[in-house]
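Nothing fancy with the numbering, it's 1 onward along the sequence. Counting convention: from 1, in listed order, for ligands and their atoms alike. Since the structure is predicted, the reported quantities are computational estimates derived from the model, not experimental observations. The basis for the numbers below is simple: all heavy atoms, side chains too, and nothing from hydrogens, waters or symmetry mates.
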Amino acid sequence: MSILKAVRGTRDLLPPETALWNRIEATARAVFARYNFGEIRTPIFEDTALFARSVGEETDIVSKEMYTWEDRARAQSEKAQSLTLRPENTAGVVRAYIEHQLGESGQLQKLYYIGPQFRRERPQKGRYRQFSQIGAEVIGPPSAGSESPLRDAEILEMLATFLDELGITGWTLELNSVGSAADRARYNDTLRAALVPVVGQMCVDCQRRAVTNPLRVLDCKVPADQPIIATLPVIADSLDESSRLHFAAVMAALDAAKVPYTRNHRLVRGLDYYTRTTFEFTHGGLGAQNALLGGGRYDGLSEAIGGPKAPGIGFAMGEDRLVLTLQALESAPLLLADAFIAPLGEALNPAALVLARELRRAGLRIELGDGNFRLKKSFEAADKTARRIVILGEDELQSGILTVKTFATGMQTKVPRSELCIFLRQ
Ligand code: ATP
Ligand code: MG
């Protein structure tokens, strides 16, 4: 029989690496809570139409990356429903916002999520078919202040704080404004005209985009196209007065909070729903897949999927890429138990379980050996998994004085059982 393996582009996360994942998630929850965000969990699959209408038909995600299938019809008269594994989570959050009428409260909704996303991409380092995103959205009726540039600046400041607290140093925040829907339409016309004389020398994707959605040309990653793209007009020159003022206010607040950023005129992002502020945090340690996270404002998204006017701004971080970055920055975290308990002989196994239970209940991380092992084997196992070994023989049990060896120093110590906890915590 052939050996079954995890599907291409998916992978198992194993300890000790999963400890890093947990640390990232715990840090995100702790930081987001200080900004008064609450958690939302939406389904992993949704109606395909949700992504077609929000992310946009012409995007890479919808045009070629989605896992879509026809669900079985419930009755013969019914049409089979087209379902899709979520490729991103903003669409689901905004759908939930509309479905549960969260805007009725009149307050801003500040929601974060952590979970798997699915895209059929070519797997490589930092790019998988199942990957995890940590994201957040601030959305609400305009009367709640959802359009304020302060919301944009606050989100960006929160992200800078999160990365700093996580210990990710050396990130770059790239910032742009893609303006209002009208600004973008104007810019698309400008671009379309500018592309006419040069598009013949560009890749086939760009030739198609030049007709369907010229803005997407700026997203092109083909090296040969880059010199041509560098000569195209920039969107900053197509912004109207209110978009310009909004962007200036975002930058002024970031300057005041001393959050560093660089402007990138080509940052239009891979999803169609963005308006005004768009951003990416990148990190040099990641190589080709250098985007840690991306996001932006989406003032028209709710209306595009049939909801009320509900401007918002959000981001999604690639959790896999946060892990890769941390692994490159830190030496591999070796997660050792506080102690390995080695019973001397099978008869002492129950007593060893009792001792392990005491210590574990006191909050210590304990590896429990087996009295069937020879002492040499116990020492070998302990050396690989724990910082110390505690020997539990008949004498130790009777006298209540345990022998503890600390591997780092090679020191052997006699410790009364009542003081063992304190000793092992040192
Ligand atoms: P990229 O340009 O790298 O394809 P994107 O613009 O498609 O990114 P978004 O849709 O904005 O990415 O998703 C936000 C973040 O999610 C990205 O910055 C990245 O960190 C992460 N991400 C996106 N796709 C993948 C993937 N296939 N595997 C792992 N992480 C991903
Ligand atoms: Mg992508």
Side-chain angles (χ1 to χ4, degrees), residues 6-11 13 17 21 24-25 28 51 54-56 58-67 84-94 112-137 155-156 159 162-163 166 168 171-176 178 205 209 213 215-222 226 229 264 266-275 277-298 301 313-328:
V7 172
R8 183 170 142 84
T10 72
R11 66 222 160 100
L13 305 175
E17 193 185 294
W21 287 76
I24 291 169
E25 291 167 18
F51 303 113
S54 59
V55 176
E58 183 48 35
T59 59
D60 281 354
I61 293 179
V62 174
S63 65
K64 57 186 187 203
E65 294 175 358
M66 294 204 304
Y67 285 96
T84 293
L85 287 181
R86 64 184 186 195
E88 58 98 55
N89 216 151
T90 301
V93 171
V94 176
Y112 78 87
Y113 58 83
I114 300 177
Q117 317 294 334
F118 306 85
R119 297 182 192 176
R120 189 187 279 105
E121 304 196 67
R122 192 170 70 78
Q124 50 201 295
K125 186 178 174 214
R127 194 177 290 289
Y128 312 99
R129 291 182 167 180
Q130 174 174 338
F131 60 101
S132 175
Q133 285 185 335
I134 302 178
E137 318 289 346
I155 282 264
L156 291 165
L159 283 165
F162 169 76
L163 292 174
L166 203 53
I168 293 187
W171 48 261
T172 304
L173 162 56
E174 297 186 20
L175 197 60
N176 193 23
V178 295
D205 280 337
R209 294 172 184 137
N213 191 350
L215 201 71
R216 290 267 79 81
V217 168
L218 302 186
D219 249 0
C220 174
K221 306 237 159 67
V222 176
Q226 303 310 309
I229 293 169
N264 177 352
R266 290 183 42 190
L267 191 72
V268 293
R269 311 265 312 115
L271 303 91
D272 270 356
Y273 53 57
Y274 287 113
T275 53
T277 313
T278 55
F279 55 86
E280 251 173 39
F281 280 71
T282 57
H283 198 280
L286 278 169
Q289 267 55 252
N290 71 348
L292 281 176
L293 67 95
R297 183 165 269 290
Y298 46 79
L301 177 55
I313 179 161
F315 63 84
M317 305 193 263
E319 196 178 357
D320 308 69
R321 295 187 193 176
L322 295 175
V323 170
L324 284 170
T325 308
L326 279 173
Q327 284 171 333

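Distances below 4.0 Å separate heavy atoms of E121 from the following atoms of ligand 1: 24 (N), 25 (C), 26 (C), 27 (N). When each atom of ligand 1 is checked for a heavy atom of G318 under 4.0 Å away, the hits are 15 (C), 16 (O), 20 (O), 21 (C). Residue R321 approaches ligand 1 through these ligand atoms, each under 4.0 Å from one of its heavy atoms: 3 (O), 19 (C), 20 (O), 25 (C), 30 (N), 31 (C). Taking every heavy atom of A291 and a limit of under 4.0 angstrom, the matching atoms of ligand 1 come to 18 (O), 19 (C), 20 (O).
The ring pair (Phe, Tyr, Trp, His ring centres under 6.0 Å) analysis of residues 112-137, with sequence neighbours excluded, yields the pairs F32-Y112.
Distance check, rounded to the nearest 0.5 Å: CD of Q130 to CZ of R120 gives 14.0 Å.
In the candidate list R120, R119, H283, R119 is nearest to atom 23 (C) of ligand 1, counting heavy atoms. If you check each of R127, E280, E319 against atom 3 (O) of ligand 1, the one with the closest non-hydrogen atom is R127.
Neither the backbone nor the side chain of D60 has a heavy atom within less than 4.0 Å of ligand 1. In Q289, neither the side chain nor the backbone holds a heavy atom less than 4.0 Å from any atom of ligand 1. In K221, the part holding a heavy atom less than 4.0 Å from any atom of ligand 1 is the side chain.
Side-chain contact annotation: S132 with Q117, donor-acceptor N/O pair under 3.5 Å absent.
A donor-acceptor pair under 3.5 Å is formed between the side chain of T278 and the backbone N or O of L267. No side-chain donor-acceptor contact under 3.5 Å links T10 to the backbone of A6.
The shortest N/O to N/O separation between L292 and ligand 1 falls below 3.5 Å.
With respect to R127 and E121, a salt bridge is recorded, a charged nitrogen being found less than 4.0 Å from a carboxylate O.
Applying the salt bridge (charged side-chain N to carboxylate O under 4.0 Å, His left out) rule to R8 yields no partners; only residues at least two apart in sequence or on another chain are considered.
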